[in-house]
Novice: 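Before anything else, here's the structure in question.
Note that the structure is a prediction, hence the values are computed from the model and not measured.
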Amino acid sequence: MDPSKQPPRLPRDYGFRISLPPGTEVKYLIALEPLGFLEAYGADKTFHLKAPENIDPQRTRPDVPAVWSTADDAGYANEVVAQIFIQCADALSNIRLKRGDVNRLKVALHACKRETRTCERAFLRLREANNRIVAEINRTKGIRAEGNVINDFPQIPNLDDDVGTFLGCAKSALQHIAEVLNEFYGTTVLNARFDHGINQLEKLPQTSPYILKSLREHQPDVVRILAFRDGITHTPKRTSVQNFHMTAQHLQQPKWTVNGEEPGNLIPEMHKMIGTIIDLAEETFFIGLQDAIEQPAGPFQYAVTEVPPEARGGTKIRYRLVFQFAAQAESKLSEEGKPSGDGG
């Protein structure tokens, strides 16, 4: 273009300097072009950054500033943030895929991270309230009846609301993992029905045995999450949640049940469900990436390797994509079906 015909430089075009809170060490900066912002990650914070082009792409004002805001009180030291999104988005940098769109994968992973963090916040609120009540009961050496009445029996506030939020977001997070599966393998999994994905993958030629193994192993836990979630909205309701309650023999901590089965302990099982979502997201992404990445010609290839704990630098990152000699680059899979390697 003729320099004389280029649009004049505006104040917004001369760059900007962002001042994050003192002590913040940003280790990862990930662009999310379809969402119109970047995310920067400190150890315990996630920041959204918007450049003038994100705010005013039509360039209607010459002095539009950049903007940053705190998006979450968790960062690269949080398992949900690091393992569902950061390590996966980082692995998508500067590669070509035979199947799948990088931007759609990033958006699905980011949505999964967001929904799972909402689950985690609900779980942490309930766990904190539960532990506070238990500590007070232990301090007073139990609950006493006065005049044959227990006054002000302890209860976790907003229990039903937080459980509903947790289960709704857990199902949404699972569906976003299904979107990652769909991108890599061309499946059409809807409503987090991974059993449909397994059936579709079994009919595809040369499907990786590792992705099938992973999905089958997680299927019972996925079905349980969906049963609890769908039981809330079903009429009559099939999911039942109990706060602290008395039986003839004991004081009971919160429990839940679905479809009339034996009640289970609410807080520990919520924690297990979050772990299921993290593991399924991580395995679906990295196994899918190994199957879909376009390997270059020549002596170098991409491989997924495990980051040694001593090399993680305070992050919860577990895996990374490396470019190395083909003789070294054969990505291994552990017996559990997870990506692993020698960390080289």
Novice: Between E294 and K98, is there a salt bridge with N-O shorter than 4.0 Å?
Specialist: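 Answer for the salt bridge query: no.
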
Novice: For the rings on Y302 and F323, is their centre-to-centre separation under 6.0 Å?
Specialist: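 Ring centres of F323 and Y302 closer than 6.0 Å.
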
Novice: Name all residues meeting the side chain to side chain donor-acceptor pair (under 3.5 Å) criterion together with R125; count only those two or more places apart in sequence or in a different chain, and write none if there are none.
Specialist: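 Result, side chain to side chain donor-acceptor pair (under 3.5 Å) vs R125: D162.
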
Novice: State, yes or no, whether a side-chain contact exists between P254 and V241 at a heavy-atom distance under 4.5 Å.
Specialist: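 No, every pair of side-chain atoms sits at 4.5 Å or beyond.
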
Novice: Do D161 and L159 come within less than 4.5 Å of each other through their side chains, counting heavy atoms only?
Specialist: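 Heavy-atom side-chain distance check fails, nothing below 4.5 Å.
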
Novice: Check the surroundings of atom CD in E128: do more than 12 heavy atoms from other residues, nucleotides or ligands lie under 6.0 Å from it?
Specialist: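 Not more than 12 within 6.0 Å, no.
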
Novice: Got K255 and L266 here, is their nearest side-chain heavy-atom distance under 4.5 Å?
Specialist: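 Result no, sub-4.5 Å side-chain heavy-atom pair not found.
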
Novice: Is K171 paired with E115 through a side-chain N to carboxylate O contact shorter than 4.0 Å?
Specialist: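 No, E115 and K171 are not salt-bridged.
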
Novice: Aromatic ring centroids of F123 and H271 under 6.0 Å?
Specialist: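 F123 vs H271: aromatic centres under 6.0 Å.
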
Novice: Is it the case that over 12 heavy atoms from other parts of the model lie below 6.0 angstrom from the CG atom of N151?
Specialist: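 More than 12 heavy atoms, drawn from other residues, nucleotides or ligands, come within 6.0 Å of this atom.
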
Novice: Is any side-chain heavy atom of I177 less than 4.5 Å from a side-chain heavy atom of F194?
Specialist: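 They are in contact (side-chain heavy atoms under 4.5 Å apart), so the answer is yes.
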
Novice: Under the side-chain contact (heavy atoms from CB on, under 4.5 Å) test against F184, which residue among N182, T187, L181, V180 passes?
Specialist: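 For F184, the side-chain contact (heavy atoms from CB on, under 4.5 Å) test succeeds with only one of N182, T187, L181, V180, which is V180.
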
Novice: Within the 3.5 Å criterion, strictly below it, is a donor on N78 or E120 matched to an acceptor on the partner's side chain?
Specialist: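 Yes, a side-chain donor-acceptor pair sits under 3.5 Å.
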
Novice: I want to check something: taking the side chain as every heavy atom from C-beta on, are L215 and L280 in contact at a cut-off of under 4.5 Å?
Specialist: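 Heavy-atom side-chain distance check passes, below 4.5 Å.
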
Novice: With a 3.5 Å cut-off and no angle check, do the side chains of E39 and H110 form a donor-acceptor pair?
Specialist: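 Yes, side-chain donor-acceptor contact under 3.5 Å.
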
Novice: Q200: which residues meet the side chain to side chain donor-acceptor pair (under 3.5 Å) condition with it, sequence neighbours left out?
Specialist: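 In terms of side chain to side chain donor-acceptor pair (under 3.5 Å), with neighbours along the sequence ignored, Q200 is linked to T188.
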
Novice: For a quick check under 3.5 Å, do D90 and Y28 share a side-chain donor-acceptor pair by atom type?
Specialist: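 No, no side-chain donor-acceptor pair sits under 3.5 Å.
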
Novice: Between D72 and K45, does any side-chain N to carboxylate O distance fall below 4.0 Å?
Specialist: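 Result for this pair is no, no salt bridge flagged.
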
Novice: Please tell me whether W256 and Q242 have a donor and an acceptor in their side chains that are separated by less than 3.5 angstrom.
Specialist: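 There is no such pair (donor and acceptor under 3.5 Å, judged by atom type) between the side chains of W256 and Q242.
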
Novice: What residue among R318, R320, R312 forms salt bridge (Lys or Arg N to Asp or Glu O under 4.0 Å) with E306?
Specialist: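 That would be R312; it is the only one of R318, R320, R312 passing the salt bridge (Lys or Arg N to Asp or Glu O under 4.0 Å) with E306.
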
Novice: Can you find a side-chain donor-acceptor pair between Q253 and N130 that sits under 3.5 Å?
Specialist: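 There is such a pair (donor and acceptor under 3.5 Å, judged by atom type) between the side chains of Q253 and N130.
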
Novice: Does R216 come within less than 4.0 Å of E202, counting only side-chain N to carboxylate O?
Specialist: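 The answer is yes: the pair qualifies as a salt bridge.
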
Novice: Looking at R132 and E136, does any basic side-chain N land under 4.0 Å from a carboxylate oxygen?
Specialist: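 Salt bridge between R132 and E136, a charged N being under 4.0 Å from a carboxylate O: no.
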
